[in-house]
Amino acid sequence: MALTLFAISPLFAQQPDMQDGQPQAQQQPTRQQRRGGQGQQMLSPNFRLAGVWQQVQIYTDSAGQAQELFLPVWKVLQGDGHFTNFVMTYYKAPAFITQEGDFRVVSDKYYSERTRQSVVAPELVGVEVMMEYTLDEEKGEMILRFMLPNSEQPQTERWRRVRLEVPQQLRTQ
């Protein structure tokens with residue numbers, strides 16, 4: 001089973017604006033500042049990524065065709081800047097939270113997570129890590145690129161936004 005771990009990536013050429021070696025933070029609006037007239041919410045940078053995401057792995061089947069495998073791993077990015085990752089193992093075991101903390105959008109290509117608690121990567125607690133993301137809003141897909149600590153191999157994760165609709169695959173069955 002794949003569990004999600006994040007690390008700072010030195011591999012990607014376009015880094016966010018840096019000041020004193022740290023990415024510059026975008027000012028996060030307060031809850032009241034995010035509210036527009038008539039109770040409508042104005043979008044903060046976090047709202048672009050906000051939602052429930054399921055991890056997807058692409059594999060090649062025996063016929064050589066690329067297939068998607070939806071993993072039992074979810075990421076919840078909240079508009080207020082909190083995140084939670086959780087896993088559902090199998091039918092006889094309960095789901096459990098693997099990691100939680102805060103995130104902030106740094107630019108249209110980078111966001112960072114600061115882990116508060118983790119059962120899969122305690123070494124990341126209190127550490128702000130940067131991830132390069134590519135967001136395809138039409139497809140509802142986010143691709144993250146990062147390096148794991150003590151690794152020279154770049155990692156890529158694919159996440160699909162969970163929508164309020166019955167998936168096409170289930171409608172035809």
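These figures come from a predicted structure and were not determined experimentally.
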Answer yes when R161 and E137 have at least one side-chain N-carboxylate O distance shorter than 4.0 Å, and no when they do not.
no
Going through the checks in order, is the side chain to side chain donor-acceptor pair (under 3.5 Å) test met by E157 and W159?
CA-CA 7 Å; E157 291 180 347; W159 295 86; 3.1 Å; yes
With sequence neighbours left out, the residues meeting salt bridge (charged side-chain N to carboxylate O under 4.0 Å, His left out) with K92 are none
All salt bridge (charged side-chain N to carboxylate O under 4.0 Å, His left out) counterparts of E68, not counting sequence neighbours
R160
L144 side, atom CG; M142 side, atom CE - distance, nearest 0.5 Å
4.5 Å
Measure the shortest side-chain to side-chain distance between V129 and M131 over non-hydrogen atoms and say whether it is less than 4.5 angstrom.
yes
How long is the straight-line distance from OG1 of T98 back to NZ of K75, given to the nearest 0.5 Å?
8.0 Å
Roughly how far, to the nearest 0.5 Å, is CG of D102 from CG of D80?
8.0 Å
Start with the C-alpha gap between W53 and V162, add the side-chain angles, then the distance that decides, and say whether side-chain contact (heavy atoms from CB on, under 4.5 Å) holds.
CA-CA 5 Å; W53 299 85; V162 177; 5.9 Å; no
Return the orientation label for the F86 and W74 ring planes: parallel under 30°, perpendicular over 60°, tilted otherwise.
parallel
What pair of heavy atoms forms the shortest contact from I58 to A66, and how long is it?
CG2-CB, 4.2 Å
Just verifying a value: how many Å separate T134 OG1 and I143 CD1, rounded to the nearest 0.5 Å?
6.0 Å
Considering only heavy atoms from C-beta outward, does the side chain of V105 approach that of L49 to under 4.5 Å?
yes
Would you name the heavy atoms of E113 and F103 that are closest together and state the gap between them?
CG-CB, 4.0 Å
For E138 and D136, run side-chain contact (heavy atoms from CB on, under 4.5 Å): C-alpha distance rounded to whole Å, both residues' side-chain angles, the deciding distance at 0.1 Å, then the answer.
CA-CA 6 Å; E138 184 176 310; D136 181 337; 3.7 Å; yes
So does R158 pair up with E141, basic N to acidic O under 4.0 Å?
yes
Walk me through whether Y59 and Q57 qualify under side chain to side chain donor-acceptor pair (under 3.5 Å).
CA-CA 6 Å; Y59 70 97; Q57 184 175 346; over 6 Å; no
Heavy-atom nearest pair, E128 first then S112, reads OE2-OG, 2.7 Å
Validation row: L135, R48 side chains within 4.5 angstrom (heavy atoms)
yes
Spatial distance of atom CD (E100) from atom CZ (R114) [nearest 0.5 Å]
15.0 Å
Backbone N or O of L71 within a donor-acceptor pair of the Q54 side chain at under 3.5 Å?
yes
What one should report as the nearest heavy-atom pair of A50 and G79 is CB-N, 3.8 Å
With heavy-atom distances below 4.5 Å as the criterion, would you say the side chains of V106 and M130 are in contact?
yes
Given the rule that I, L, V, M, F, W and Y join up when any side-chain heavy atoms are under 4.5 Å apart, are V56 and V87 in one cluster?
no
Would you say V73 ends up clustered with F70 if hydrophobic residues are merged whenever their side chains have heavy atoms under 4.5 Å apart, either directly or through other cluster members?
no
Nearest-0.5 Å distance that lies between atom CZ in R104 and atom CZ in F83
13.0 Å
Between S118 and V120 (side chain of the first, backbone of the second, donor and acceptor by atom type, cut-off under 3.5 Å), is there such a pair?
yes
